[in-house]
Undergrad: 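What follows is a structure written as structure tokens; I'll ask about it next.
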Amino acid sequence: MSAGRESPVAVSAKAELWGSDAIAAMLRALDIPYLALNPGASYRGLHDSIVNYLGNERPQMLLCLHEEAAVAIAHGYAKASGRMMGVVLHSNVGLMHGSMAIFNAWCDRVPMLVLGATGPWDAARRRPWIDWIHTASDQGALVRDYTKWDNQPASVPAAYEALLRAVQIADTAPRGPTYVNLDAALQEAKIGALPPLPDVSRFRAPEPVWPDTKLVEKAAQLLSGAKSPAILAGRVGRSEAAWKARIALAEKLQARVYTDIKTPAAFPTDHPLHAAPPATFPDGKLLKDADVILSLDWVDTAGTLKAAWGDAPVGAKVIRVSVDAHIHRGWSMDYQGLPPSDVYLMCEPDIAVPLLLDAVRARPAAVSPKYEFPDGKDDAVSIRTLAKAFNELTGGMDVCLSKLPLGWNGAYRHFRHPLDYLGQDGGGGVGAGPGLTVGAALALKGTGRMVAGIMGDGDYLMGVTALWTATHYKLPCLIVVANNRSFYNDEMHQERVARERGRPVENKWIGQRIDEPDIDLAAMARAQGAVGIGPVREVSKLKSSLKEAIHHVKNGAVCVVDVRVVPGYDAPMSGAATPARR
Ligand SMILES: Cc1ncc(C[n+]2csc(CCOP(=O)(O)OP(=O)(O)O)c2C)c(N)n1
Ligand SMILES: [Mg+2]
């Protein structure tokens with residue numbers, strides 16, 4: 001369903017065509033549905049073409065108040081829909097603003113077409129001062145280390161090819177953002193007739209690669225002969241068929257399944273074989289029982305194995321299913337440690353699982369550990385009581401959680417469908433929460449599934465202006481802020497350091513607390529046309545406030561609830577709980 005569109009007045013004659021008209025036509029041919037953007041003169045040519053040549057549809061512009069929000073919205077959209085959309089970033093400064101969010105999308109292996117612009121590459125054509133500010137000798141270098149490919153085409157035919165290639169590469173697993181930088185002079189050049197558009201169907205991303213049958217057989221033998229197999233269900237697709245195939249494989253093997261809170265829902269967490277609450281840092285002790293481990297593109301297989309076996313050699317056979325090494329580069333180490341692999345299937349998990357399902361022998365029933373919603377006191381508003389109230393109100397409803405706060409314990413809520421949870425921000429860049437939520441709302445508008453992002457106050461405050469894009473384009477969504485009035489994750493780090501150094505722990509809040517003045521988060525929502533509820537301070541008001549909020553969202557509103565939670569994490573595997581660095 002399309003978002004509320006700003007329709008331009010009709011343009012009478014299109015006799016004269018410009019370079020950016022051809023680029024816009026190519027974006028339509030490539031079926032890019034939206035362009036999230038914040039405007040800038042470096043791409044005024046393209047901006048005009050989207051509005052006056054295409055009539056602001058296919059792609060439709062989505063105005064954003066900050067480039068970081070624009071990219072986060074495209075990120076959330078791709079997570080929920082599996083489809084890429086575009087972003088347009090003004091030269092230099094716009095790209096700089098958007099760069100953290102591009103890094104998040106890169107780490108999350110999400111496809112995205114990032115368009116940029118530069119002042120005229122031909123210095124003789126630059127306007128004084130500003131076109132020089134808009135020009136860098138290698139703008140793509142700003143994001144080259146966390147994009148899959150970048151290019152600055154010098155002609156319309158070259159721009160056609162650059163866009164075809166950028167979309168093809170972004171959509172080839174492992175997926176990720178690509179960047180095409182459009183010269184202002186090329187955009188603003190008269191071109192006469194539109195050069196014929198290529199047939200885009202001949203330039204699509206390749207079909208997924210299948211693994212060698214001998215390797216599938218070898219993996220199946222290991223799994224069939226295992227005493228205690230385990231599956232690490234990591235980065236997998238959103239399809240229901242793939243979800244069912246993973247369940248069938250786990251059941252046939254009677255394998256324990258682990259999921260990760262960093263990545264989207266991969267397995268029903270209330271299934272008897274689901275072994276532990278999804279966590280940022282999984283409990284290594286649990287995995288130590290396993291003799292054969294099937295890693296389905298798990299984000300940090302090496303780190304997870306290390307949590308179980310420490311510095312000793314890994315005591316289980318490892319089957320690694322991942323194409324991720326194709327994207328590994330030298331700058332960012334988001335590739336994590338190098339895991340051992342006894343069988344390495346270099347394909348996507350959604351391809352390997354049905355093949356393994358056919359090839360393995362059924363194993364006798366196993367017992368999996370059980371876990372329950374954590375016990376605790378219900379007299380204070382905490383993330384736990386918030387989760388409890390939210391669950392009670394949304395039981396039986398289709399909800400897509402687009403973000404969870406750092407203090408969330410994976411046992412707080414079950415995921416039973418691939419769209420129940422979209423995972424975190426990928427790169428740990430705080431401020432993504434609102435944009436990811438708005439992007440998911442764009443993707444799921446009209447599907448009947450309510451998009452809800454539960455996030456920290458720090459995350460909300462850094463990305464809050466994404467809300468305006470949601471209200472402006474009528475993208476219903478719920479944001480619940482687990483507001484501890486602090487960058488609390490880092491209070492825990494200061495506490496740890498203070499303890500280690502024998503210094504006063506009481507000082508941990510300094511440079512961390514967001515207080516005096518207390519910020520009215522609901523007012524920040526109301527200021528942007530959303531419904532703002534709260535602050536909610538009492539347990540007795542929690543459920544009625546959330547109920548009211550859900551009612552508003554069901555009626556098409558964007559709604560924010562400021563829930564004042566007591567500082568404290570109930571997530572044993574949170575960042576600060578990892579062993580102190582030495
Ligand atoms: C852009 C960015 N700046 C700083 C950090 C470091 N950081 C990690 S978690 C965190 C606190 C986030 O605060 P909030 O969203 O309120 O969550 P809380 O820890 O309070 O639960 C910070 C500042 C980061 N990850 N990203
Ligand atoms: Mg906080």
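Since the model is a prediction, treat every value here as computed from it, not as a measurement. For ligands, and for the atoms within them, numbers begin at 1 and follow the listed sequence. FYI, the numbering just counts along the sequence from 1.
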Undergrad: At their closest point, which heavy atom of T269 faces which heavy atom of Y371, and how far apart are they?
TA: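 So the minimum-distance heavy-atom pair works out to O-OH, 3.1 Å.
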Undergrad: Between D260 and W298, is any side-chain donor less than 3.5 angstrom from a side-chain acceptor?
TA: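 No, no side-chain donor-acceptor pair sits under 3.5 Å.
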Undergrad: With sequence neighbours excluded, tell me which residues meet side-chain contact (heavy atoms from CB on, under 4.5 Å) with N555.
TA: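 N555: side-chain contact (heavy atoms from CB on, under 4.5 Å) contacts with H551.
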Undergrad: Is any side-chain heavy atom of V560 closer than 4.5 Å to one of L467?
TA: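 Of all side-chain heavy-atom pairs linking V560 with L467, at least one is under 4.5 Å.
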Undergrad: Minimum heavy-atom separation for M84 and P111, please, with both atom names.
TA: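 Taking every non-hydrogen atom into account, CB-O, 3.7 Å.
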Undergrad: Which heavy atom of L444 sits nearest a heavy atom of A80, and at what distance?
TA: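 Looking at all heavy atoms of both residues, the closest pair is CG-CB, 4.1 Å.
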Undergrad: Using salt bridge (Lys or Arg N to Asp or Glu O under 4.0 Å), reason through R513 and E491 one step at a time and then give a plain yes or no.
TA: CA-CA 8 Å; R513 287 284 162 91; E491 282 197 46; 2.7 Å; yes
Undergrad: Between the protein and ligand 1, which nitrogen or oxygen pairs come in under 3.5 Å, and how far apart is each?
TA:
unit_1	atom_1	unit_2	atom_2	d
ligand 1	7 (N)	D490	OD1	3.3
ligand 1	15 (O)	G458	N	3.4
ligand 1	15 (O)	D459	N	3.0
ligand 1	16 (O)	D457	N	3.3
ligand 1	16 (O)	D457	OD1	2.7
ligand 1	16 (O)	G458	N	2.7
ligand 1	16 (O)	S486	O	3.0
ligand 1	19 (O)	Y488	N	3.3
ligand 1	19 (O)	N489	N	2.7
ligand 1	19 (O)	Y569	OH	2.5
ligand 1	20 (O)	N484	OD1	3.0
ligand 1	20 (O)	N484	ND2	2.9
ligand 1	20 (O)	S486	O	2.8
ligand 1	20 (O)	Y488	N	2.9
ligand 1	21 (O)	N484	ND2	3.4
ligand 1	21 (O)	Y569	OH	2.9
ligand 1	25 (N)	G428	O	2.8
ligand 1	26 (N)	V430	N	3.1

Undergrad: With 2.8 Å as the threshold, which protein atoms of type N, O or S lie near the Mg ion (ligand 2)? Leave waters out.
TA: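 You should have found D457 OD1, N484 OD1, S486 O.
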Undergrad: Just to verify, what does K541 make a salt bridge (Lys or Arg N to Asp or Glu O under 4.0 Å) with, not counting sequence neighbours?
TA: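 Partners of K541 by the salt bridge (Lys or Arg N to Asp or Glu O under 4.0 Å) criterion, ordered by chain and then number, come out as E538.
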Undergrad: Checking the side chain of T178 only, and the main-chain atoms of D150 only, is there a donor and an acceptor separated by less than 3.5 Å?
TA: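 Checking the backbone N and O of D150 against the side chain of T178, no donor-acceptor pair under 3.5 Å is found.
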